[in-house]
Amino acid sequence: MFDFYPEVNLSREALLEKLAGAVKTSRFEHLLGVEKAAISLAKKYGVDPHKASLAGLLHDYCKEVDDETFLALIDKYDLDADLKNWDNNIWHGKVGIYKMREDFGLEDEEILRAIEIHTVGDSEMSGLAKVLYVADYIEEGRAFPGVIEARAVAAQDLNQAVAFETMRLVDYLAERRLTIYPQTFEAYNAFIGYLK
Ligand code: GDP
Ligand code: FE
Ligand code: FE
């Protein structure tokens with residue numbers, strides 16, 4: 001475990017306290033679960049475990065932020081206007097990173113980028129981004145149909161795990177007649193070849 005996170009100038013204890021104040025208990029447990037899975041994947045796939053730890057802990061920090069705050073941040077930072085057509089599911093990562101910059105002074109671009117795309121993926125993903133994306137899906141608290149298979153794939157190959165998760169996500173969203181964020185399709189197209 002890491003005692004101090006220079007990227008946010010906080011001890012682990014102070015960071016956890018901040019997170020516990022920002023999200024409900026079940027989500028706080030999820031953050032710890034994603035951290036644990038991300039550290040394990042990072043060690044396996046040659047990614048910096050410290051960055052994986054911090055990205056895992058922070059990734060859903062903005063999940064309980066209200067819509068007005070996100071809409072104001074989209075204006076304040078002059079972000080892609082299309083974001084306003086989406087909701088918290090997309091905003092807590094893509095817009096959330098701007099609040100994390102403000103609230104934590106976080107400037108580590110690799111961590112910010114990984115958190116930015118943790119929900120939707122992307123055609124280009126760093127090792128850290130892949131680790132966070134997969135860890136979010138397979139952490140020990142997850143119990144949806146298919147998670148056991150996803151964990152097995154993640155134990156074999158990181159790119160295959162990204163592909164598997166994205167395939168299942170597109171399938172899940174389409175099954176429920178939900179709109180699919182374009183970047184989700186970009187991730188699907190870029191990674192699906194790994195499953196062939
Ligand atoms: P969580 O924050 O740990 O719950 O997980 P994620 O950040 O990965 O996903 C948050 C929510 O966004 C989940 O309910 C996903 O199903 C949903 N989601 C992910 N991608 C898309 C998308 O392209 N379109 C829509 N409408 N929802 C999505
Ligand atoms: Fe999330
Ligand atoms: Fe999450």
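All of these numbers come straight from a predicted model, not from anything done at the bench. Every number for a ligand or one of its atoms is a count from 1 in the order of the listing.
- Between the side chains of Asn88 and Lys63, no donor-acceptor pair is found at a separation under 3.5 Å.
- The atoms of ligand 1 that sit less than 4.0 Å from any heavy atom of His118 are 7 (O).
- Nearest to atom 5 (O) of ligand 1 among the protein's heavy atoms is Asp136 OD2, 3.5 Å.
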* **Intermediate values then yes/no, side-chain contact (heavy atoms from CB on, under 4.5 Å), Leu54 and Phe2** => CA-CA 9 Å; Leu54 184 54; Phe2 303 95; over 6 Å; no
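- In summary, the atoms of ligand 1 found under 4.0 Å from a heavy atom of His92, numbered by their order in the structure, are 2 (O), 7 (O), 10 (C).
- Using a 4.0 Å cut-off between heavy atoms, Leu169 contacts ligand 1 through its side chain alone, with no backbone atom that close.
- Below 4.0 Å from some heavy atom of Ile180 lie the following atoms of ligand 1, by number and element: 23 (O), 24 (N).
- Listed by number with element, the atoms of ligand 1 under 4.0 angstrom from any heavy atom of Arg142 are 1 (P), 3 (O), 5 (O).
- Proximity of the aromatic rings of Phe191 and Phe164 is defined here by a centroid distance below 6.0 angstrom, and this criterion is not met.
- Among the candidates Glu116, Glu109, Glu7, Glu107, the single residue satisfying the salt bridge (charged side-chain N to carboxylate O under 4.0 Å, His left out) test with Arg101 is Glu109.
- Distances shorter than 2.8 Å separate the Fe ion (ligand 2) from the protein N/O/S atoms Asp60 OD1, His92 NE2, His118 NE2.
- Side-chain contact, Tyr61 with Asp103: a donor N or O sits under 3.5 Å from an acceptor N or O.
- For atom 14 (O) of ligand 1, the candidate residues are Asn89, Leu178, Val120; the nearest heavy-atom contact is made by Asn89.
- The shortest N or O to N or O distance between Thr184 and ligand 1 is below 3.5 Å.
- For ligand 1, the atoms sitting less than 4.0 Å from at least one non-hydrogen atom of Tyr181 are 22 (C), 23 (O), 24 (N), numbered in the order shown with element in parentheses.
- One distance of note links CZ of Arg113 with CD of Glu124; it measures 9.0 Å at 0.5 Å rounding.
- Of the protein's heavy atoms, Thr179 O, 2.9 Å lies nearest to atom 26 (N) of ligand 1.
- Within the 4.0 Å heavy-atom criterion, both parts of Thr119, backbone and side chain, lie near ligand 1.
- Taking both residues in full, the closest heavy atoms of Ala37 and Glu139 are given as CB-CA, 4.1 Å, listed atom of the first, atom of the second, then distance.
- Atom NZ of Lys51 sits about 5.5 Å away from atom CD1 of Ile111, to the nearest 0.5 Å.
- The shortest separation from a heavy atom of Gln183 to ligand 1 is not under 4.0 Å, leaving the residue out of contact.
- No side-chain heavy atom of Phe70 sits under 4.5 Å from any side-chain heavy atom of Trp86.
- Close approach to His30 involves these atoms of ligand 1, each under 4.0 Å from a residue heavy atom: 3 (O).
- Using a 4.0 Å cut-off between heavy atoms, Leu173 contacts ligand 1 through its side chain alone, with no backbone atom that close.
- One side chain, Tyr5 or Ser53, offers a donor N or O that lies under 3.5 Å from an acceptor on the other.
- To the nearest 0.5 Å, atom CG of residue Leu19 and atom CG of residue Asp60 are 10.5 Å apart.
- Using a 3.5 Å distance cut-off with no hydrogens or angles, the side chains of Tyr133 and Thr119 do not pair a donor with an acceptor.
- Between His92 and His59, the distance from one ring center to the other does not fall under 6.0 angstrom.
- Counting atoms of ligand 1 from 1 in the listed order, those under 4.0 Å from a heavy atom of Lys63 are 1 (P), 2 (O), 4 (O), 10 (C).
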